[in-house]
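In what follows, chains are A, B, ... by sequence order, proteins preceding strands, each numbered from 1.
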Protein chains: 2
Amino acid sequence: MTTTEIAAARRREVIPEATVARLPLYLRALHTLADEGTSTISSEALAEAAGVNSAKLRKDLSHLGSYGTRGVGYDVAHLITSISHELGLSRRCSVVLVGVGNLGRALAGYGGFASRGLAIDALLDADPALTGEQIAGLTVRHIDDLPEVVVPGSIGVIATPASAAQLVCDLLVGAGVTSILNFAPTVLSVPADVDLRKVDLSIELQILSFHEHRKSLVTPA
Amino acid sequence: MTTTEIAAARRREVIPEATVARLPLYLRALHTLADEGTSTISSEALAEAAGVNSAKLRKDLSHLGSYGTRGVGYDVAHLITSISHELGLSRRCSVVLVGVGNLGRALAGYGGFASRGLAIDALLDADPALTGEQIAGLTVRHIDDLPEVVVPGSIGVIATPASAAQLVCDLLVGAGVTSILNFAPTVLSVPADVDLRKVDLSIELQILSFHEHRKSLVTPA
DNA sequence: ACGCGCTTGTGAACGCGCGCACAAAGTCAG
DNA sequence: CTGACTTTGTGCGCGCGTTCACAAGCGCGT
């Protein structure tokens, strides 16, 4: 078996969803470490930097076949390359953002995207008054231009009010987008072959509220 | 009244974390249903509206002792009251938001908060140029005023750049905040008695990128 | 009053993910 | 070259969460 075949086999290996969800975490910590000039790091130290258990970290990394050196640790640069590649961030990935309100602007300017190969390629909004405006180096286009900016493999991001989300979602699906990230507080329905993920900004806050409420019950004022 | 609440809380079993994370989801769906005039709903229909499995929904609801009626379903209004109370949203809950950039503004204007009893009480920023500005009905105050706006039970929200997050976090902890929600892409360290949760806007996008990348490997162009 | 059909609540089985603890493997000093 | 030390990679047991499937309960029509 050639090296290429081995690499291909590894790529086909199933990576647990829980591990995939942590890879971005590791990647962020690694970028920070690289900026500080660290070239090698132990699982213990990286786990500390990423805020996870070291055994879990090692098991996660073992899934992507990027081997560390026993007695030494992991090569930071190699690990960054490895994880970036696994996440599909090495080749430029087209991201189309719909909805240029405060949240859309925040996302467009979010440093975390560009620095990790996930630069946003297009900004769209239904409001004609916004068309032509420059935001984070991009020109806002009208939502009707959506089919023109979508390419195969594009990821759609919905940052519109909840009332417009399903409409925009349908437009994205119609244009051939099969991966959609929804920030609007609504449940969207999509065909089975479309990958839909959601982020609700208020959910975590409500969870905190729950725990805070619990504290006040256990130790009443 | 407080005595009754404590007794009720003690009588109830511990609510699994996974269930707590879904309660906000149900609450949102229920609000939508209530607005549409629905007064009663079956677990099947509510599960559909919230995007989860119906058996899971029933088990979740059983944890908070709010009983539905067999053969009929759940009373929407009663369920809203029940979940809101469990999440601690019935009594007003103080939220202090630090960092009034695009993300901070998006959060301040986020409808999902106010409508569910989680109105933001104070906006703070380190930039003196922003002090006094009106956003979403609130006046931005300087970060030095933090101790004055924090009350026991306050929840702190960090929407600053990553570089300032730990500093702001320490200020919040110093002011007595024990529940913190971090939107900055950094790992924060807090004392053990502080409840820290984080939201990274780019993580879900990277997970989508992973799956999109996988698709292209399975069915190459 | 009474059974029929609908819906809830839950017991039990399954599967996944986490973390401990240790063997394998590599480095480095002398 | 050898031996001691360091760190990785992983087998294993445990606990949580999800799902199926069904009995118990309630309303409604007759």
Side-chain angles (χ1 to χ4, degrees), chain A residues 6-7 9-10 13-26 29-30 33 38-80 82-83 86 203 207 210-211, chain B residues 11-26 29-30 33 38-80 82-83 86 203 207 210-211:
Chain A
I6 294 172
R10 292 241 171 78
E13 184 189 330
V14 191
I15 297 185
E17 199 60 29
T19 294
V20 175
R22 280 188 296 268
L23 289 182
L25 227 65
Y26 304 152
L30 286 164
L33 287 163
T38 311
S39 64
T40 293
I41 191 162
S42 72
S43 65
E44 197 78 37
L46 180 53
E48 162 92 28
V52 302
N53 181 287
S54 70
K56 183 155 54 178
L57 172 77
R58 288 198 296 275
K59 195 162 286 187
D60 284 343
L61 294 185
S62 76
H63 284 299
L64 36 95
S66 122
Y67 296 128
T69 311
R70 301 184 188 218
V72 177
Y74 297 89
D75 181 72
V76 173
H78 181 256
L79 218 43
I80 289 178
S82 201
I83 296 179
E86 194 59 45
I203 282 185
I207 295 174
F210 168 82
H211 289 299
Chain B
R11 205 182 313 125
R12 279 181 217 135
E13 54 188 302
V14 199
I15 298 186
E17 199 59 28
T19 295
V20 175
R22 279 188 296 266
L23 289 182
L25 227 64
Y26 304 151
L30 286 164
L33 288 163
T38 312
S39 65
T40 293
I41 191 162
S42 72
S43 66
E44 197 79 35
L46 181 53
E48 162 93 27
V52 301
N53 182 287
S54 70
K56 183 153 57 176
L57 172 75
R58 288 198 296 276
K59 193 159 283 190
D60 284 343
L61 293 184
S62 76
H63 284 300
L64 36 96
S66 122
Y67 297 127
T69 311
R70 303 184 189 219
V72 177
Y74 297 90
D75 181 72
V76 174
H78 181 256
L79 218 43
I80 288 178
S82 201
I83 296 179
E86 194 59 46
I203 282 185
I207 295 174
F210 168 82
H211 289 298

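- B/Leu57 approaches B/Ser43 most closely through the heavy-atom pair CD2-O, 3.1 Å.
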Name the pairs: protein N/O against N/O of nucleotides 22-26 of chain C, kept only if under 3.5 Å.
residue, atom, partner, partner atom, Å
C/dA24, N3, A/Arg70, NH1, 2.7
C/dA25, O4', A/Arg70, NE, 3.4
C/dA25, O4', A/Arg70, NH1, 3.4

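- Taking B/Ala49 as the reference, B/Ala29 meet the side chain to side chain contact (heavy atoms under 4.5 Å, CB included) condition, with sequence neighbours excluded.
- Listed by chain and residue number, B/Arg197 satisfy the salt bridge (charged side-chain N to carboxylate O under 4.0 Å, His left out) test with B/Glu17 (two or more places apart in sequence, or in another chain).
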Could you pull out the protein-nucleic contacts involving nucleotides 14-18 of chain C (nitrogen or oxygen on both sides, under 3.5 Å)?
residue, atom, partner, partner atom, Å
C/dC18, OP1, A/Arg22, NH1, 2.7
C/dC18, OP2, A/Arg22, NH2, 3.2

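- Nearest heavy-atom pair, A/Asn53 versus A/Ala55, reported as atom, atom and distance to 0.1 Å: OD1-N, 2.7 Å.
- Within the structure, salt bridge (Lys or Arg N to Asp or Glu O under 4.0 Å) contacts touching residues 58-72 of chain A (residues at least two apart or in different chains) are A/Arg22-A/Asp60.
- Remark: P of C/dT8 and CG of B/Leu79 are 11 Å apart, rounded to the nearest angstrom.
- Side-chain contact between A/Leu33 and A/Leu46 is present, with heavy atoms from C-beta onward closer than 4.5 Å.
- Contact of the A/Thr40 side chain with the A/Thr69 side chain is not registered, since no non-hydrogen atoms from C-beta on lie closer than 4.5 Å.
- Contact record, B/Ile203 with A/Ala21: CG2-O, 4.0 Å, taken as the closest heavy-atom pair.
- The two atoms that bring A/Val14 and A/His63 nearest to each other are O-ND1, 4.4 Å, heavy atoms only.
- Of all heavy-atom pairs spanning B/Tyr26 and B/Ala50, the tightest one is CD2-CB, 3.8 Å.
- For A/Ala55 and B/Tyr74, each mapped to the nucleotide of DNA chain C holding its nearest heavy atom, the one lying further toward the 5' end belongs to B/Tyr74.
- One atom, CG of B/Asp75, and another, P of C/dT7, lie 16 Å apart when rounded to the nearest Å.
- Interface limits on DNA chain D: the 5'-most and 3'-most nucleotides within less than 4.0 Å of chain B heavy atoms are D/dG17 to D/dG27.
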